[in-house]
Amino acid sequence: MKKMLLTIISILIVFFSSILIYHIFSEDSIEVNQTDERYDTTEDVMNEIDESLLDEDDELDIGEMV
Amino acid sequence: MKKMRNVLVVLMLMASIAPLAFADEAENSTDEIEIDTETQKQIEIMNTTLGAQIRLLQLEKTINKNIIKGEEVVSFLTELEYNTTELEAIIAELDLLKEEVISADPNVTDAVQIFVDLKYDAIYLTKDFRETLKGLLYNETIERIRERIKNMSCEQVQNITKNIQNKIKQFNRNQLYIIYPIIGENGEYFLNKYHNGTLSMEQIKNNISKTVSMMTKEKRYDIFYQLKQNKIKNKIRARICFENATENFLERQQNRLTYRIQKAENMSDDPISKEMQERIRNRLNGYADDSNSDNGNGSGTSSNGKDDSCNGNKQQSGGGES
């Protein structure tokens with residue numbers, strides 16, 4: 001009985017650890033892939049610059065009265 | 001044996017609690033609002049006084065435009081002999097709101113909080129006007145009014161528009177003062193031309209694009225990394241301000257409404273003012289009922305919790321002003 005419980009606990013630990021490791025690994029690899037694809041283009045640098053600037057005709061939207 | 005069972009129970013409990021650890025905190029507070037992504041993006045520039053000025057001016061302009069359109073709707077309905085007291089009361093409150101926006105100080109540390117509060121009030125009142133109108137008229141009449149006000153040129157808004165454009169130009173110039181050193185260029189010549197109006201932002205961007213495209217892959221990566229880093233820093237600052245703005249939202253709203261009632265009481269004794277007071281009182285009572293039914297948690301807390309981190313980052317109009 002004792003042995004069985006120990007086995008269950010070990011299985012649970014292994015199960016949760018593998019889920020956690022898989023999750024962290026998959027997130028990292030997605031991020032790395034995205035960065036790899038991005039950084040070598042001028043366009044991405046320009047997008048970053050674009051995002052830090054404001055359009056002179058920029059307006060707020062609070063909805064229409066009618 | 002018993003010990004083993006306890007360990008097993010603890011493990012199971014931990015496994016069930018784990019998702020909560022990743023969940024967003026403070027979801028149970030009733031005194032907070034969900035700020036839309038557009039507003040979240042808008043407050044990102046408000047860590048500088050100039051950015052805060054731009055957002056407050058833009059809000060003033062939009063409210064102004066809606067007041068003018070609302071007045072046009074009222075005059076149209078008066079011609080048709082409709083009772084417009086309710087609509088006029090909403091416009092009167094929008095007017096009070098506009099005054100609050102004008103008197104808001106962009107230098108103060110809680111400018112983001114003020115902006116979010118007043119913007120949400122403006123959205124509420126605009127929607128209120130639209131729905132009141134829907135209750136008064138048939139769809140065809142509403143369509144006629146929509147056509148009538150669609151191409152209205154609001155001369156009163158022209159001055160604010162020019163002011164906003166100048167400030168945006170200044171803001172962009174400050175941003176480019178930060179960007180040029182990152183790409184290893186002295187942008188003084190181009191920035192002066194942009195300031196004089198002899199070079200447009202598009203031309204400046206084309207010039208930067210040409211320079212960057214001639215660089216090595218490693219250099220481009222380095223620039224991208226630094227720009228990203230700056231952006232993340234700004235986002236973190238904005239996030240802190242944004243979290244402060246969501247806290248105690250209802251409490252602040254109740255204070256504002258109480259203040260507006262007092263103002264309306266001092267204004268005049270006409271039916272519009274009375275209608276406005278009644279509408280605000282109804283909203284206040286509605287909030288009171290809501291907070292009672294939610295056991296009122298959160299309303300007694302102070303908003304000072306995280307203010308310091310938000311305040312500490314207030315800068316004076318960026319570093320590039322010459």
Side-chain angles (χ1 to χ4, degrees), chain A, chain B residues 1 4-5 7-8 11-12 15 18 38 42 45 51 54-55 58-59 61-63 65-67 69-70 73 119 122-123 125-127 129-130 133 142 145-146 149-150 161 164-165 168-169 171-172 175-176 178-179 183 201 205 208-209 212-213 215 217 220-221 223-225 227-228 230-231 234:
Chain A
M1 189 64 185
K2 210 171 175 183
K3 227 177 178 181
M4 204 177 136
L5 275 173
L6 266 173
T7 318
I8 292 170
I9 291 168
S10 316
I11 289 169
L12 270 172
I13 290 171
V14 170
F15 179 70
F16 284 116
S17 312
S18 51
I19 286 177
L20 198 68
I21 289 166
Y22 174 74
H23 184 70
I24 291 168
F25 178 75
S26 59
E27 269 207 347
D28 276 358
S29 59
I30 288 167
E31 246 170 55
V32 167
N33 283 340
Q34 282 174 345
T35 322
D36 278 345
E37 280 163 21
R38 277 179 181 179
Y39 71 73
D40 58 352
T41 59
T42 307
E43 204 181 307
D44 294 319
V45 171
M46 291 315 294
N47 284 344
E48 285 301 314
I49 292 175
D50 264 344
E51 278 183 38
S52 60
L53 300 170
L54 283 179
D55 184 356
E56 280 178 31
D57 298 319
D58 185 48
E59 284 198 8
L60 294 190
D61 179 26
I62 57 167
E64 286 294 330
M65 294 290 267
V66 183
Chain B
M1 180 63 193
M4 281 294 166
R5 203 187 302 150
V7 172
L8 192 64
L11 260 172
M12 297 296 260
E38 201 189 316
Q42 282 159 0
I45 65 159
I54 291 170
R55 290 302 181 218
Q58 286 177 323
L59 184 58
K61 180 188 160 183
T62 324
I63 294 172
K65 260 165 97 172
N66 279 6
I67 290 173
K69 285 181 180 176
V73 173
K119 186 187 167 189
I123 292 172
L125 290 172
T126 304
K127 194 179 166 204
F129 188 92
R130 217 165 42 227
L133 197 66
I142 292 178
I145 298 176
R146 196 174 284 140
I149 63 166
K150 200 166 90 180
T161 307
I164 293 169
Q165 281 174 343
I168 289 181
K169 221 169 174 184
F171 175 86
N172 285 343
Q175 291 295 95
L176 287 168
I178 299 168
I179 291 166
I183 59 170
M201 180 50 74
K205 280 199 268 189
I208 294 176
S209 177
V212 173
S213 64
M215 289 172 176
K217 191 176 162 185
R220 285 206 298 265
Y221 167 69
I223 292 170
F224 177 74
Y225 175 75
L227 290 171
K228 203 82 177 160
N230 279 355
K231 197 168 111 184
N234 277 338

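Computed from a predicted model, the values in this text were never measured in an experiment. Side chains are part of it too, since the values below use all heavy atoms of this structure and drop only hydrogens, waters and symmetry mates. Just so it is clear: chains get the letters A, B, ... in the order the sequence lines come, proteins before strands, and each one is counted from 1.
Ranked by non-hydrogen atom pairs under 4.5 Å with chain A, the options Lys119(B), Lys205(B), Lys69(B) are led by Lys205(B). Note: Asp50(A) leads Asp50(A), Asp57(A), Asn47(A) in heavy-atom pairs under 4.5 Å with chain B. Across Leu59(B), Ile145(B), Ile142(B), Val73(B), the residue that shares the most heavy-atom pairs under 4.5 angstrom with chain A is Leu59(B).
Interatomic distance, Ile49(A) CD1 to Phe224(B) CZ, rounded to the nearest 0.5 Å: 11.0 Å. Of the inter-residue distances, the one linking Lys169(B) atom NZ with Leu53(A) atom CG reads 13.5 Å to the nearest 0.5 angstrom. Here the OG1 atom belonging to Thr42(A) is positioned 9.0 Å from the CD1 atom belonging to Ile223(B), to the nearest 0.5 angstrom. If you take CG on Leu54(A) and CG on Asn172(B), they are separated by 5.5 Å, rounding to the nearest 0.5 Å. Taking CE of Met201(B) as the reference point, atom CD of Glu56(A) lies at 7.0 Å (rounded to 0.5 Å).
Neither the backbone nor the side chain of Met215(B) comes within contact range of chain A, judged by heavy atoms closer than 4.5 Å. Contacts of Leu133(B) with chain A are made by side-chain atoms alone, with heavy-atom separations under 4.5 Å and no backbone atom involved. If you measure heavy-atom distances from Ile149(B) to chain A, the contacts under 4.5 Å come from the side chain alone.
Heavy atoms from other residues, nucleotides or ligands lying under 6.0 Å from CD of Glu43(A) number 12 at most.
When each of Gln58(B), Gln165(B), Gln42(B) is paired with Asp58(A), the side-chain contact (heavy atoms from CB on, under 4.5 Å) condition holds for Gln58(B) and for no other.
With contacts defined as side-chain heavy-atom distances shorter than 4.5 Å, the pair Ser52(A)/Asn230(B) does not qualify.
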Show me, pair by pair, the donor-acceptor contacts under 3.5 angstrom made by side chains of residues 59-66 of chain A, not counting sequence neighbours?
from     : atom 1 : to       : atom 2 : distance (Å)
Glu59(A) : OE1    : Lys65(B) : NZ     : 3.4
Glu59(A) : OE2    : Lys61(B) : NZ     : 2.9
Asp61(A) : OD1    : Gly63(A) : N      : 3.1

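Here Tyr225(B) pairs with Tyr221(B), Gln229(B) under the side-chain contact (heavy atoms from CB on, under 4.5 Å) rule; sequence neighbours left out.
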